[in-house]
Amino acid sequence: MSVKLTALLYPVIRVLAGAVLTALIGCSSSQTTPSATTQTFELERDCSPLLEQLDQQIRSAGLADPMAYPIPRYPYLRSNRLLASFSDQLDNDLNVEGWYQQLYQLGRNARQLELTNLNPPLSSQQRNRVESCVDYQATIDRKSADFQQRLTDSAQVPDDYSDWQQLLGLYPLTRKIVLHQIAKQQQQWRQDFNTPTVLQGESHHYHPLQNRPVQGEPINQAQIARWLSQARTNNPLAIPQLDQDKQMALFQHFAPSWQIFTASPADKIGRPYWHDNRPAVNTDDPIAYWLPSYTRFNGQTLLQLNYLIWFPERPSQHPLDLYSGLLDGLLWRVTLGFDGKVLLYDSIHPCGCYHQIFPVSPRLSIKPLPDNIEQPLILPQVAPDPPRGRLRLQLTPGDHYLQGITLDTSQSAEQQPHSKPYRFEDYQQLRSLVTATGRKGLFDADGLVGHSRRLERFILWPMGVASPGAMRIWGRHAIGFANRRHFDDPYLFEQFFEWNSE
């Protein structure tokens with residue numbers, strides 16, 4: 001069959017697949033109150049083809065959600081690097097069950113988004129039928145004698161580097177060139193950081209909306225430490241997962257203000273949306289997308305607060321600009337210690353590029369790394385002491401590099417020229433955006449924003465990173481070129497720092 005004929009038949013195939021799926025779900029849910037025996041028979045007979053057909057339809061439409069890793073043999077479960085790191089510590093039933101429930105919830109969240117993004121979406125009755133089938137299949141799977149061992153082995157998340165690219169790209173040789181260029185760039189960055197000659201000209205200021213107290217309690221270090229301690233105690237894996245109100249209180253409390261030096265409309269932050277089947281950014285609606293994450297350091301699992309802002313593009317400086325393209329942004333992360341104080345800050349662009357680390361705690365000491373290892377860009381004694389005020393992050397025009405950090409009070413931020421408040425949105429909103437015909441995530445099934453590809457991918461492909469420079473979803477940020485390194489690696493900071501006990 002020719003490619004053209006296949007393309008013409010593709011819409012018909014999708015319609016037929018949807019009709020089959022609807023028939024499977026419809027037939028399974030047409031009876032009103034079946035007996036328990038009849039219901040079990042229907043589940044055993046209908047669920048396997050239903051779930052297989054649903055998975056096929058989602059993948060054919062390119063709507064597979066890429067944020068968490070689908071576990072082989074158990075596609076209704078999802079894993080991530082944090083949960084995978086606990087797989088060798090499941091030494092009691094409570095830990096095993098707590099770990100399993102987290103995998104199940106990740107899977108459910110991804111499945112609900114995939115069903116929402118289907119066109120047309122499933123009805124609530126059809127969704128309930130799907131969930132019944134998933135519950136049934138999960139019950140059957142857990143009865144298997146080797147289930148736990150299989151699950152533990154399968155929940156490991158592969159890295160985001162390609163062996164075949166590195167092999168064809170003569171990686172042992174080409175990485176030496178990249179290492180040299182990275183070292184030069186980092187040296188320049190250290191010299192320019194917080195330099196007035198770099199941070200000058202017209203700028204736009206964005207400050208967070210006013211903080212809201214939780215239950216009338218002031219937000220201070222002691223209160224934060226109590227919240228984190230209680231959350232760890234209530235979690236079987238000692239992960240400090242806060243309830244929604246406390247979580248948002250912390251996001252507002254530690255939210256930075258942004259000073260964007262401006263040369264063009266591309267230097268304003270906003271809300272991504274789909275326009276003519278391409279992503280765009282509405283700069284009339286400035287937003288920071290929030291996302292909690294966790295890292296493991298010094299025997300503790302620590303809470304991290306992530307703030308992501310988006311720009312419409314990184315404008316081209318010349319016809320062969322390797323780094324320009326649609327969409328740009330900055331992800332700022334705050335890592336809190338168990339005592340409620342900031343341990344360190346770090347940041348990347350949404351491509352995973354330009355990782356910077358700003359240690360804050362005086363009890364962190366930098367580990368020396370071998371010369372043949374890609375060195376992290378660590379900038380000590382740069383970030384001001386958080387209790388003295390809100391941080392102001394200063395970004396250069398065009399390339400949107402983080403080149404300065406200073407202090408800002410909410411009052412002074414609001415009085416700045418071109419000052420505007422920004423609001424918060426859940427990062428999960430980016431996984432299902434409104435389109436002209438329905439809904440679709442910002443990221444494709446590979447975790448990339450395909451329209452954001454950069455020319456640098458033709459230069460850096462031997463490093464094994466998929467489409468270097470392209471924007472990508474959380475959990476898919478490869479942050480090293482000359483070494484394999486991930487932004488969501490739960491042991492990332494233990495590679496770079498030691499904890500000095502008092």
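Not measured: the values here are computed from a predicted model.
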Heavy-atom check, side chain of [X] versus side chain of [Y], under 4.5 Å:
X	Y	answer
L336	V342	yes
L103	S79	yes
P279	V449	yes
R175	N483	yes
Q241	Y294	yes
V281	F311	no
I405	P384	yes
V334	L250	no

Can you say whether the rings of [X] and [Y] are parallel (under 30°), tilted (30 to 60°) or perpendicular (over 60°)?
X	Y	value
Y76	Y74	perpendicular
F193	F358	tilted
Y354	H349	perpendicular

*Worked check of side chain to side chain contact (heavy atoms under 4.5 Å, CB included) between Q394 and N194*: CA-CA 9 Å; Q394 300 172 300; N194 276 343; 4.2 Å; yes
Donor-acceptor under 3.5 Å ([X] side chain, [Y] main chain):
X	Y	answer
R392	W258	no
R472	A466	yes
H275	R278	no
E114	D65	yes
D55	L51	no
T174	G169	yes
R81	G475	yes
R390	P208	no
W274	K440	yes
R485	E374	yes

Less than 3.5 Å apart, any donor N or O on the side chain of [X] or [Y] sitting next to an acceptor on the other?
X	Y	result
Q428	N109	no
T116	R439	no
S419	H207	yes
T396	D399	yes
Q112	E131	yes
Q429	R271	no

[X] [atom1] to [Y] [atom2] distance, which is reported to the nearest 0.5 Å:
X	Y	atom1	atom2	value
H400	L330	NE2	CG	10.0 Å
N128	L122	CG	CG	10.5 Å
D426	Q244	CG	CD	7.0 Å
Y491	T295	OH	OG1	9.0 Å
E313	S264	CD	OG	6.5 Å
Q165	M463	CD	CE	10.0 Å

*asked:* Please evaluate residues W310 and L327 with respect to the criterion side chain to side chain contact (heavy atoms under 4.5 Å, CB included), reporting the C-alpha separation (whole Å), side-chain torsions for both, the decisive distance (0.1 Å), and the verdict.
replied: CA-CA 7 Å; W310 290 101; L327 294 190; 4.2 Å; yes
*Could I get the full list of ring pair (Phe, Tyr, Trp, His ring centres under 6.0 Å) partners for Y307, not counting sequence neighbours?*
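Y307 satisfies ring pair (Phe, Tyr, Trp, His ring centres under 6.0 Å) with F251 once adjacent residues are dropped.
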For [Y], is there an ion pair with [X] - N to carboxylate O distance below 4.0 angstrom?
X	Y	value
D284	K268	no
D163	R484	yes
D346	R333	yes

*Check step by step if side chain to side chain contact (heavy atoms under 4.5 Å, CB included) holds for L331 and L291.*
CA-CA 10 Å; L331 196 159; L291 173 74; over 6 Å; no
_ring-ring contact (aromatic ring centres under 6.0 Å, His included) partners of residues 448-486, not counting sequence neighbours, each pair once_ =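 For residues 448-486, and leaving out neighbouring residues, the ring-ring contact (aromatic ring centres under 6.0 Å, His included) pairs sorted by first residue read Y161-H486, W474-F487.
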_Run the side chain to side chain contact (heavy atoms under 4.5 Å, CB included) test against R454 and tell me which residues pass, sequence neighbours left out._
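Partners of R454 by the side chain to side chain contact (heavy atoms under 4.5 Å, CB included) criterion, ordered by chain and then number, come out as R314, D328, S452, E456, M471.
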Looking at every heavy atom in both [X] and [Y], which two are closest together, and how far apart are they?
X	Y	value
R457	S467	CD-OG, 3.9 Å
V465	G480	CG2-O, 4.0 Å
Y422	A255	OH-CB, 3.4 Å
I473	P66	CD1-CG, 4.0 Å
Y273	N282	CE2-N, 3.5 Å
L402	W332	CD2-CZ3, 3.8 Å

*Decide yes or no on side chain to side chain contact (heavy atoms under 4.5 Å, CB included) for L63 and Q57, but give the supporting numbers first.*
CA-CA 9 Å; L63 297 176; Q57 185 178 359; over 6 Å; no
*For atom CZ of F424, decide whether the heavy atoms of other residues, nucleotides or ligands shown that lie under 6.0 angstrom number more than 12.*
yes
